[in-house]
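First up is the structure itself, then whatever we jot down about it.
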Amino acid sequence: MTGTQQHVLILGGTTEGRGLAEALAGEPAARWRVTSSLAGRVAAPRLPPGEVRTGGFGGTGGLVRWLREHAVDVVVDATHPFAETMSAHAAAAAAATGVPLLGLRRPGWTAGPGDRWHMVDSAEQAAALLPALGGRVFLTTGRTGLAAFAGDAGRWFLVRSVDAPGPPHPPRMEVVLDRGPFTHDGERALMTRHRVDVLVTKDSGGAATAPKLAVARELGLPVVLVRRPPAPPGVPAVPDVAGALEWLRAGR
């Protein structure tokens with residue numbers, strides 16, 4: 001800490017992490033020094049303002065060293081809701097150093113009237129359900145989750161990801177390289193053009209990728225939704241950037 005300036009480490013890579021960095025950048029520079037940490041899994045990420053580091057820390061021990069060496073005053077875990085390992089490392093490192101930790105986690109999706117959701121706990125469970133649900137699958141679980149579907153030669157997959165996926169992956173697939181936010185009309189056109197009859201996705205939450213769920217409801221398609229892993233216990237959390245700003249300003 002320099003004077004009253006607080007060094008905030010944002011574990012980011014999400015819309016919320018970038019939004020928080022932008023909000024803090026709009027406040028007096030003497031108050032906040034912001035470093036955003038990105039996992040480095042996307043080839044051309046949208047960089048937030050402020051300092052940016054890319055790549056892992058080397059587990060809990062590496063994060064502990066980084067927090068101490070860079071005099072971090074507070075950590076905000078704004079990683080993807082499925083970044084279970086990084087969130088666990090952040091909680092352990094915060095406990096070891098005494099650095100306050102806040103979780104910034106967008107709420108998950110909620111099923112409504114007309115939704116045909118099948119909730120599962122893993123990509124493997126999702127793959128096991130598919131033979132009973134459809135033969136043309138819109139798969140939006142991310143390129144790192146394709147291995148669970150690699151042995152399925154009976155179905156055709158429309159795979160959407162930010163970067164091109166590598167093996168293992170389903171033998172019959174078409175790849176669409178794109179990133180949100182997505183529109184309702186765009187999702188409907190994509191799903192009807194490819195005659196999709198089942199959607200497989202993760203409960204990422206947020207508005208940017210939600211239109212596919214509304215389109216599936218309109219078309220009467222089943223949705224296989226992978227549940228989020230549990231968040232680390234004992235870590236306070238807020239659902240949005242406004243909540244994180246309030247927490248930071250209050251010096252909690």
Side-chain angles (χ1 to χ4, degrees), residues 1-41 45-110 202-208 227-252:
M1 184 188 299
T2 303
T4 60
Q5 188 182 57
Q6 298 279 310
H7 187 187
V8 181
L9 173 64
I10 301 173
L11 304 175
T14 58
T15 300
E16 291 76 18
R18 188 169 60 254
L20 179 58
E22 290 170 350
L24 292 176
E27 300 206 347
R31 185 166 191 182
W32 310 108
R33 172 191 170 192
V34 179
T35 301
S36 295
S37 178
L38 309 181
R41 294 176 180 171
R46 295 170 178 167
L47 297 180
E51 301 173 38
V52 178
R53 68 170 303 280
T54 303
F57 291 92
T60 299
L63 180 54
V64 166
R65 288 190 296 273
W66 203 94
L67 295 178
R68 289 172 173 163
E69 290 172 0
H70 293 82
V72 172
D73 295 295
V74 61
V75 178
V76 178
D77 177 9
T79 56
H80 191 275
F82 283 81
E84 184 177 13
T85 299
M86 187 66 247
S87 292
H89 289 170
T97 59
V99 174
L101 170 65
L102 176 70
L104 173 49
R105 297 184 179 87
R106 70 185 82 127
W109 291 312
T110 302
K202 294 178 177 179
D203 184 14
S204 300
R227 293 185 183 92
R228 296 180 177 191
V235 177
V238 294
D240 52 30
V241 170
L245 286 172
E246 180 181 356
W247 189 88
L248 287 168
R249 289 168 181 159
R252 298 175 186 170

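All values reported here derive from a predicted model rather than from experimental measurement.
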- Query: Taking only residues at least two apart or on different chains, which pairs with a member in residues 54-72 satisfy salt bridge (Lys or Arg N to Asp or Glu O under 4.0 Å)?
  - Reply: none
- Query: Any sub-3.5 Å donor-acceptor pair from H70's side-chain atoms to V72's backbone N or O?
  - Reply: no
- Query: If you measure from CZ on F82 to CZ on R228, what distance do you get to the nearest 0.5 Å?
  - Reply: 7.0 Å
- Message: To check you understand the geometry: which heavy-atom pair defines the closest contact between G55 and S37, and what is its length?
- Response: O-OG, 4.2 Å
Side-chain donor-acceptor distances from residues 15-23 under 3.5 Å, at least two apart:
from : atom 1 : to   : atom 2 : distance (Å)
E16  : OE1    : R106 : NE     : 3.1
E16  : OE1    : R106 : NH2    : 2.9
E16  : OE2    : R106 : NE     : 3.0

- Task: Looking only at non-hydrogen atoms, find the nearest pair between S87 and D77 and report the distance.
- Result: OG-OD2, 2.7 Å
- Minimum-distance pair of heavy atoms, taken over all atoms of P100 and W247: CB-CH2, 4.0 Å
- Message: Quiz question: by atom type and distance under 3.5 Å, do the side chains of E27 and W32 form a donor-acceptor pair?
- Response: yes
- Note on the structure: To the nearest 0.5 Å, atom CG of L104 lies from atom CD1 of I10 at 8.5 Å
- Message: Run the side-chain hydrogen bond (donor to acceptor under 3.5 Å, both in side chains) test against W66 and tell me which residues pass, sequence neighbours left out.
- Response: none
- Item | Electrostatic pair R33:E51 at N-O distance under 4.0 angstrom | yes
- Query: What is the minimum heavy-atom distance between A94 and L101, and which atoms define it?
  - Reply: CB-CB, 3.7 Å
- Side-chain donor/acceptor of D203 to backbone N/O of R227, under 3.5 Å: no
- Message: Could you measure the distance from the OG1 atom of T79 to the CD atom of E84? Nearest 0.5 Å is fine.
- Response: 10.5 Å
- Item | Atom pair CG (L67) and NE2 (H7), whose distance is rounded to the nearest 0.5 Å | 9.0 Å
- Please report the C-alpha distance between M86 and L63 in whole Å, then the side-chain angles of each, then the deciding distance to 0.1 Å, and finally whether the side-chain contact (heavy atoms from CB on, under 4.5 Å) criterion is met. CA-CA 10 Å; M86 187 66 247; L63 180 54; 3.9 Å; yes
- Between the CG atom in D73 and the CG atom in L9, the distance rounded to the nearest 0.5 Å is 11.0 Å
- Message: Please determine whether side-chain contact (heavy atoms from CB on, under 4.5 Å) holds for the pair R249 and R31, giving the CA-CA distance in whole Å, both sets of side-chain angles, and the decisive distance to 0.1 Å.
- Response: CA-CA 10 Å; R249 289 168 181 159; R31 185 166 191 182; 3.7 Å; yes
- Message: I'd like to know whether L248 forms a side-chain contact (heavy atoms from CB on, under 4.5 Å) with V74, so could you lay out the CA-CA distance, the side-chain angles of the two residues, the decisive distance to 0.1 Å, and finally the verdict.
- Response: CA-CA 8 Å; L248 287 168; V74 61; 3.8 Å; yes
- Would you say the side chain of V76 lies within less than 4.5 Å of the side chain of V8, judging by non-hydrogen atoms? yes
- Item | Under 3.5 Å: donor-acceptor pair, side chain of T14, backbone of A78 | yes
- Message: Under a 3.5 Å distance rule, please check whether R105 uses its side chain to pair with a backbone N or O of P107 as donor and acceptor.
- Response: no
- Looking at V238 and A244, what are the two nearest heavy atoms and their distance? CG2-N, 3.5 Å
- Query: To the nearest 0.5 Å, how far apart are CG in L11 and CG in L38?
  - Reply: 10.0 Å
